[in-house]
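Down below is the structure, laid out as structure tokens.
In the text below, chain A, chain B and the rest are named by the order of the sequence lines, each starting its count at 1. Side chains included, hydrogens not; waters and symmetry mates left out as well; all remaining heavy atoms used.
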Amino acid sequence: MKRRIVIWFVIIIMMAILLLPMFFIALTSFKAYGEIVSGIMFPSQLTIENYFNVLYAPGFRFVDFLLNSIIISSLSTLGSILVSFPAAYSMARFKTGGGTLSSYIFSIRLLPPIIFALPIFILYQSIGLLDTHIGLILTYIVFNLPLSILVLKSFIEELPSEIEEAALIDGCSQLKIIASIVFPLTMPGIAAVSILNFLASWNEYLFALILTFKKAATVNVAASLFVTAYAIRYGEIAASVMISMLPPIVFMFLVQRNLVRGLTLGALRR
Amino acid sequence: MKLGKTKYILVIPALALLLSLTLYPTLFAYFLAVHNVTVGTFRNPVFIGLENFIKIATRHDFWYSVGLTTLFAFVVTPIELVIGLFIALLLERELLGKRIIITLILTPLAVAPALMAIMMKLMFNEFVGLIPYLLNIFGLRYSFFKDFTSSFLTLIITDIVQWTPFVFIIIYSGLQSLPREPYEAAKIDGADGRNIFLYITLPLLKPLILIVAILRLMDAFKIFEYVHIMTGGGPGFSTTTTSVMIYRTGFIYGDFGLAAAATIFLFYISIIGATIGIRLLSKMRMI
């Protein structure tokens with residue numbers, strides 16, 4: 001019994017430490033400006049004026065940035081699946097490219113993204129993709145591909161290939177087999193990869209910071225600009241963080257099982 | 001099976017995208033690096049040979065940043081491994097509301113590193129932050145971000161809070177799929193908990209721990225958001241990691257050529273790390 005209490009105590013401490021930043025930022029976002037600057041930690045009353053100020057800030061279209069994040073994350077997720085699924089199938093079933101291709105693709109996941117940032121910036125500048133949705137979407141598709149291909153490949157490798165072989169003997173075309181047999185069977189893997197891709201795109205910062213300015217900027221960039229623009233308006237900064245952070249957290253709560261599946265598939269394979 | 005070219009056609013879109021946004025940029029970086037290209041001289045770059053490479057190779061701050069980034073990666077990874085393993089073992093038993101606990105522990109993984117950085121910047125802020133407030137209750141006055149040690153410490157804490165859940169969930173999932181037989185045999189032989197952990201659990205988990213370690217090391221080496229937002233690389237140059245240094249050289253000071261040369265150095269440094277990592281992983285048939 002005593003052991004159980006100790007275990008619970010340790011678990012609660014661990015959780016408290018991990019969740020402390022979020023609790024603190026939530027608290028700050030509901031605090032009035034006066035209470036923040038006078039150093040009051042636990043406010044006498046809560047207010048939503050910070051949220052109001054963020055969403056209706058003059059010259060700062062936060063709602064637009066929110067919309068940008070939704071568009072860019074969704075479309076890059078979709079694009080990444082469309083491109084990675086056929087590649088993963090080919091690599092899993094026919095060993096296309098062998099170990100070399102796998103290693104090349106995986107090495108991109110390991111390299112620091114800053115290596116690609118400057119050339120992509122200049123490339124985008126010369127072909128007019130700077131500060132466009134499509135530009136950022138393309139970048140996210142590419143940098144989500146390694147993990148997507150890897151996870152889908154290991155998922156497809158675990159599927160029995162007998163059904164596909166039987167369909168081939170029955171005269172099914174290769175494309176039809178992929179579309180109507182393999183794709184539905186891979187659905188759980190695709191769900192897991194989609195979640196990972198969506199979270200990765202929503203949470204990405206470096207490319208969004210470099211490749212967008214006003215038109216296509218995402219919420220994370222907008223929130224970080226708040227830090228410089230609003231220097232000591234901590235309440236507004238906290239509210240902007242809350243707004244940017246909430247969608248992926250809610251999303252993760254809804255699909256946690258799939259997320260865990262994707263994370264572990266990406267790291268271990270049996 | 002009659003496949004012909006289908007299998008190649010299937011990988012072409014992925015490969016074309018990858019090459020155009022990864023291989024092309026790496027090659028283009030060489031062109032930039034041997035020219036004097038700044039925001040001002042962008043339209044007509046002047047060929048200057050290896051000058052940029054020499055500049056970077058002899059610059060103390062570049063190697064300082066590489067050393068600092070390496071140090072950071074090797075400090076946070078072991079700590080995250082130990083805490084992640086510890087939580088995974090704690091939750092390896094029947095507990096009330098375990099699924100909710102796991103969901104809550106995983107929450108930091110859904111938070112953007114940039115937002116985590118903003119939160120931590122406020123947490124450690126000497127006027128409104130929770131940490132200085134709590135320290136003050138115990139009579140301690142301490143302002144963070146004033147010197148290297150405290151700035152570096154806040155970066156380490158931020159990385160630990162954000163990425164320990166990643167280590168936890170992978171080791172936890174690994175624990176679930178361990179074979180039962182060795183444990184039953186050990187129980188029959190009367191082994192105690194400590195010995196079971198040291199001689200059964202840990203060896204069985206070893207490959208998994210190694211994978212997580214490699215992934216965390218490589219990811220920690222990329223650190224950009226925390227530094228860029230929390231310390232701005234300061235005070236002075238003291239917490240400037242390589243990613244931040246390249247970002248500043250290229251996008252703040254506008255020296256594209258010099259930034260490209262630094263990029264190429266970083267590329268080879270990372271490739272060495274990545275190659276060792278991939279060798280280890282493929283040896284264990286993980287990719």
Side-chain angles (χ1 to χ4, degrees), chain A residues 7 10-11 14-15 18-19 21 24-25 28 36 39 41 83-84 86-87 89-90 94 96 102-103 106-108 110-116 118-120 139 141-142 145 149-150 168 174 199 203 205-206 210 220 223-224 227 234 237 241 244-245 248-249 252-253 256 260 263-264 267-269, chain B residues 1 3 6-7 10-11 13-14 17-18 21-22 25 28-29 87 90 101 103-105 107-108 110-115 118-120 122-123 127-128 130 133 161 169-170 173-174 208 211-212 215 218 221-222 224-225 229 243 246-247 250-251 256 259-260 263 266-267 270 274 277-278 286-287:
Chain A
I7 287 171
V10 176
I11 288 175
M14 290 282 176
M15 284 197 330
L18 290 177
L19 297 176
F24 169 70
I25 217 74
T28 309
I36 294 175
M41 190 50 64
V83 174
S84 62
Y89 176 73
S90 177
F94 315 123
T96 314
S102 291
S103 296
F106 192 64
S107 68
I108 295 163
L110 296 181
L111 290 176
I114 189 80
I115 288 177
F116 308 107
L118 186 67
I120 291 179
T139 319
I141 290 177
V142 168
L145 274 184
I149 292 180
L150 224 65
L168 200 68
Q174 194 68 40
L199 287 180
N203 291 344
Y205 181 69
L206 179 63
I210 289 168
N220 290 336
S224 79
V227 178
Y234 300 110
I237 293 171
V241 169
S244 318
M245 179 171 74
I249 288 185
M252 194 205 79
F253 278 176
Q256 194 217 335
V260 170
L263 279 174
T264 48
L268 63 131
R269 209 198 77 182
Chain B
M1 277 202 261
L3 290 161
T6 318
K7 67 173 187 174
L10 292 174
V11 289
L17 272 173
L18 279 171
L21 283 194
T22 61
F28 187 57
I87 304 178
L90 270 186
I101 295 174
T103 307
L104 288 175
I105 289 178
T107 314
V111 176
L115 300 179
I118 300 175
M119 288 194 260
M120 285 301 200
L122 289 194
M123 280 271 283
F127 303 112
V128 298
L130 185 63
Y133 174 84
V161 168
I169 191 62
I170 288 179
S173 311
L208 199 57
I211 295 164
V212 186
L215 287 177
M218 298 299 295
F221 195 72
K222 299 174 184 171
F224 175 78
E225 288 94 338
I229 291 171
S243 291
I246 294 176
Y247 170 81
F251 295 99
F256 293 165
T263 293
L266 179 62
F267 176 77
S270 317
I278 288 176
M286 288 305 169
I287 53 168

Check your understanding: Of all heavy-atom pairs between A:Pro21 and B:Met119, which one has the smallest distance, and what is that distance?
Key -> O-SD, 3.7 Å

Review point. Heavy-atom distance under 4.5 Å to chain B: side chain of A:Ser84, backbone, both or neither?
Key: neither

Review point. For B:Tyr247, is it the side chain, the backbone, both, or neither that has a heavy atom closer than 4.5 Å to a heavy atom of chain A?
Key: both

Study note, to complete from the structure: Assert top hit (heavy-atom pairs under 4.5 Å, partner chain B, pool A:Leu199, A:Leu111, A:Ile120, A:Asn220) equals A:Leu111

Point to revise | side-chain hydrogen bond (donor to acceptor under 3.5 Å, both in side chains) partners of B:Ser243, counting only residues at least two apart | key: none

**Study point:** Distance (rounded to the nearest 0.5 Å) between B:Thr22 OG1 and A:Ile108 CD1
**Key:** 4.0 Å

Study note, to complete from the structure: So, the part of B:Met120 with a heavy atom under 4.5 Å from chain A: the answer is side chain

Practice item. Let me know if B:Leu104 has heavy atoms under 4.5 Å from chain A in its side chain, its backbone, both or neither. Key: both

Practice item. Write down the atom of A:Leu118, the atom of B:Ala260, and the distance for their closest heavy-atom approach. Key: CD2-N, 3.7 Å

Exercise for review: Please look at A:Ile115 and chain B and tell me whether the side chain, the backbone, both or neither of the residue comes under 4.5 angstrom of a heavy atom of that chain.
Suggested key: both

Study note, to complete from the structure: Pair count under 4.5 Å, heavy atoms only, with chain A: among B:Phe127, B:Phe221, B:Phe251, highest is B:Phe251

Review point. By a 4.5 Å heavy-atom criterion (distance strictly below it), what part of B:Ile87 contacts chain A: side chain, backbone, both, or neither?
Key: side chain

Practice item. Among A:Ile237, A:Ile210, A:Thr28, single out the residue with the greatest number of heavy-atom pairs under 4.5 Å to chain B. Key: A:Ile210

Exercise for review: Specify the closest pair of heavy atoms between A:Pro119 and B:Ala29, including all atoms of both residues, with the distance to one decimal.
Suggested key: CG-CB, 4.1 Å

Point to revise | Distance in Å, A:Phe116 CZ paired with B:Phe28 CZ, rounded so as to fall on 0.5 Å steps | key: 15.0 Å

Study note, to complete from the structure: Tightest non-hydrogen contact, residues A:Ile149 and B:Ala14, listed as CD1-CB, 4.1 Å

**Study point:** Under 4.5 Å from any heavy atom of chain B - which part of A:Leu145
**Key:** side chain

Practice item. Determine the minimum heavy-atom distance between B:Pro13 and A:Val83, stating which atoms define it. Key: C-CG1, 3.8 Å

Point to revise | Closest non-hydrogen atom pair between B:Leu122 and A:Ile25, with its separation | key: CD1-CD1, 3.6 Å

Point to revise | Partner of A:Leu19 by side-chain contact (heavy atoms from CB on, under 4.5 Å), out of B:Thr107, B:Val161, B:Ile105 | key: B:Thr107

Check your understanding: A:Leu206, A:Thr139, A:Ile141: which one forms the most heavy-atom pairs within less than 4.5 Å of chain B?
Key -> A:Leu206

Check your understanding: Which bit of A:Met14 comes within less than 4.5 Å of chain B, counting heavy atoms only: side chain, backbone, both or neither?
Key -> side chain

Check your understanding: Based on non-hydrogen pairs under 4.5 Å, which of B:Thr263, B:Leu130, B:Leu17, B:Ile229 is most in contact with chain A?
Key -> B:Leu130

Point to revise | Heavy-atom contact with chain B under 4.5 Å, split by part of A:Tyr205 | key: both

Practice item. Please state whether the side chain, the backbone, both or neither of A:Ile36 comes within less than 4.5 Å of a heavy atom of chain B. Key: both

Practice item. Could you tell me which residues satisfy side chain to side chain contact (heavy atoms under 4.5 Å, CB included) with A:Pro86, sequence neighbours excluded, listed by chain and number? Key: B:Leu10

